[in-house]
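Both counts, for ligands and for their atoms, begin at 1 and track the order of listing.
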Amino acid sequence: SDAEYDSLWRELQTLETEHPALLIADSPTQTVGAEPVSAFDTVRHRVPMLSLANAFSEDELHDFDKRVRDRLDCAEDVSIDYVAEPKLDGLAVSLTYKDGVFVQGATRGDGSRGENITPNLKTIGSLPLQLPTDDPPSLLEVRGEVFMHKAGFARLNANAEQAGEKVFANPRNAAAGSLRLLDANITASRPLSLYVYALGELEGAPPPTSHYATLTWLRSLGFPVNDETTRCDGIAACYAWYQALGKRRDALPYEIDGVVFKVNDLAAQATLGFVSRAPRWAIAQKFPAEEAQTLVQAVEFQVGRTGAITPVARLQPVQVGGVQVSNATLHNMDEVRRKDIRIGDTVVVRRAGDVIPEVVRSLLELRPAETEEIVMPLICPMCDSKVEQIEGEAVARCTAGLVCQAQRKEAIKHFASRKALDIEGLGDKLIEQLLDQGLIEHVDDLFSLTQESVAALPRMGEKSAENLLKALSESQNTTLQRFIYALGIREVGEATAKALAENFGDLDSLMQADDEQLQAVDDVGPIVAKHVVAFFQEPHNQRVIRSLLEKGIHWPAPERVQVPVEGGLDGDIYVLTGTFDGMTRTEAKAALEQLGAKVTGSVSKKTTAVFAGDAPGSKVTKAEKLGVPVRDEAQLLALLATDQGAEA
Ligand code: IVH
């Protein structure tokens, strides 16, 4: 992997610095890339195509800046002008134009000789074949990176998988593989893109004086230049830019493995020059690798809150995405089969951003003779009940429901979590203890805990017991939205709980709601509605809810119930969409509710009318389809005015 390569590279470099006698001429530190293979003609790069030195920390970046300043004899209070660019993960190419016409394109190869891949490069849509100028330089050589966008890569692999062909491991391999195909017709079908980032040879035009001016000029000649490119005044600004881009890394439409900082002034670049393989005027600051290789030592099956049984790989600990990872989800058995993962395999683990680590694929070429197949257990690893997999569903579930201790534990964890009842101090370990000691069985039992029984638990003192009881008591003062979320109804997350609370206003109405009433709520589809109905029909759930309310859980009554109804819109149901000139939607809603109307988030057959402001959404279309009247703001104002005096 790239990360292993980088780390081995550094080790070699350190060894060579410490023991110069061991340095050999063909050491990888002295050469660049691979020698070209014979399938393509060889192209000589008259200006060598070099590589970049790497920095892995802020300190190393400051060291780079110091070296630059020392060599340039730069006064302490003067900062260096840098250009910052994303470091795209693709394939470096050289593009030659004679009198404005694209005549030759080549790979980097070993830095001085690359492969002639002109026909393949000509298939890239964003590569200009002819420069849009009357006065082109007689000779222009431009360098850049050919890469594949994440979306194009995903499409390519999906198609390959469907056709039963081999998939590419990552966008970089896909781009490199596509460019080096012997049949350019196939290359043409691959979603390749290009960004240029440097000038090679130039004849017949005045040379630019800064790197930034070079990029601006190249852009004016029709070359694609990355819009993220930014000038940074001083190295501190560079590091800040690196951190900011790092935060957006996953949201970018292409993969980057770091950023490149280049001294902007080209005269300064010339003074700085090169060391063996890399310029002294540029550095690549790397991001932590998002993928790493490691060994699957075992697979365990975890039972979730809804009984879903998830295979989890126990891994030989490895650094990925900046943290140590020793477990990774395998999602479900379909995924295990699709990725062909076995215990004993070497696998690629990925952790991007804050996303939980996952096993991407197994490396079949490294598979040892003795591996063990992963099999879904027939009985729940926690409660020994039957495991069931519903036709057409990827997940297997323990059938025991809340009889299963694992499911109960997860349900209680969820109930106590921050976005639910937010019971401070009630963590995983304590919940396990309470269950194991038989002090609780279901969530309502939490509110029957006594100071003595909690204080008697191992590693719990009087003080912590007191704190827990206080937190429990405080958590009873909650909101309807939190309470609905805390119940852990399948498919009801935070947003749905909020929508349900707002639309129904009180728990009883929600508990009695039927499928149609539920589906009238924004974002509630047939599946969510089915789970909500089933949840409230279950006698056990009804008992727990009753018990929770008896034990003192409460929330403020919805405001509109407290407001005396003044008008004659009782029984009317309205939907508001778009923006109004004279009031916000919230104000309009309050005014209608004041008059006794109900305002809901989505249109159904029961809707009395839809009031549409500017830029209304799909709700108008839906209303028209259902034959529900659509009215404008003037009509809304008129309605509010006539009904103001309780006139029907
Ligand atoms: S400049 C003399 N700029 O990184 C400096 N390289 O590790 C030459 N790369 O071979 C490279 N994005 O394939 C430069 N904005 C960028 C880059 C970039 C990606 C690649 C390029 C190069 C490798 C060096």
Should you measure from each heavy atom of Val260, which atoms of ligand 1 turn up under 4.0 Å away?
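Answer for ligand 1: 3 (N), 15 (N), 16 (C), 17 (C).
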Which of the atoms in ligand 1, numbered in the order shown and given with their element, are less than 4.0 Å from a heavy-atom of Arg108?
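It comes down to these atoms of ligand 1: 10 (O).
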Before you tell me yes or no, could you show the steps for Tyr242 and Phe287 under ring-ring contact (aromatic ring centres under 6.0 Å, His included), namely the whole-Å CA-CA distance, both residues' side-chain angles and the distance that decides it to 0.1 Å?
CA-CA 9 Å; Tyr242 160 81; Phe287 288 123; 4.9 Å; yes
Just by distance, do the side chain of Asp89 and the backbone of Glu255 share a donor-acceptor pair under 3.5 Å?
no
Side-chain (Thr187) to main-chain (Ser178) donor-acceptor, under 3.5 angstrom:
yes
Once you round to the nearest 0.5 Å, how far does NZ of Lys262 lie from CG of Leu52?
7.0 Å
To the nearest 0.5 Å, how far apart are NZ in Lys339 and OG in Ser362?
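Atom-to-atom, Lys339:NZ and Ser362:OG are 10.0 Å apart.
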Heavy atom of the protein closest to [atom] (residue, atom name, distance):
atom: atom 15 (N) of ligand 1; answer: Glu85 OE1, 2.7 Å
atom: atom 12 (N) of ligand 1; answer: Leu88 N, 3.3 Å
atom: atom 13 (O) of ligand 1; answer: Glu145 OE1, 2.5 Å
atom: atom 8 (C) of ligand 1; answer: Leu50 O, 3.8 Å
atom: atom 5 (C) of ligand 1; answer: Leu52 CD2, 3.8 Å
atom: atom 23 (C) of ligand 1; answer: Lys87 NZ, 4.0 Å
atom: atom 2 (C) of ligand 1; answer: Pro279 CG, 3.6 Å

Evaluate ring-ring contact (aromatic ring centres under 6.0 Å, His included) for Tyr195 paired with Phe147, printing each intermediate quantity in order.
CA-CA 8 Å; Tyr195 275 138; Phe147 64 99; 5.3 Å; yes
In plain terms, say whether Asp340 and Arg337 are close enough for a salt bridge, that is, a side-chain N and a carboxylate O under 4.0 Å apart.
no
Check Arg248 with Glu228, please: is the shortest side-chain N to carboxylate O separation under 4.0 Å?
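Yes, charged N to carboxylate O under 4.0 Å.
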Any N or O of Lys262 that comes nearer than 3.5 Å to an N or O of ligand 1?
yes
Check whether any heavy atom of Ser51 sits under 4.0 Å from an atom of ligand 1.
yes
Compute the minimum heavy-atom distance from Pro86 to ligand 1 and say whether it is under 4.0 Å.
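Flag set, Pro86 near ligand 1.
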State which residue, out of Arg46, Arg143, Arg44, fulfils the salt bridge (charged side-chain N to carboxylate O under 4.0 Å, His left out) condition with Glu201.
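That would be Arg46; it is the only one of Arg46, Arg143, Arg44 passing the salt bridge (charged side-chain N to carboxylate O under 4.0 Å, His left out) with Glu201.
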Identify which of Tyr197, Trp281, Phe147 has a heavy atom lying nearest to atom 22 (C) of ligand 1.
Tyr197
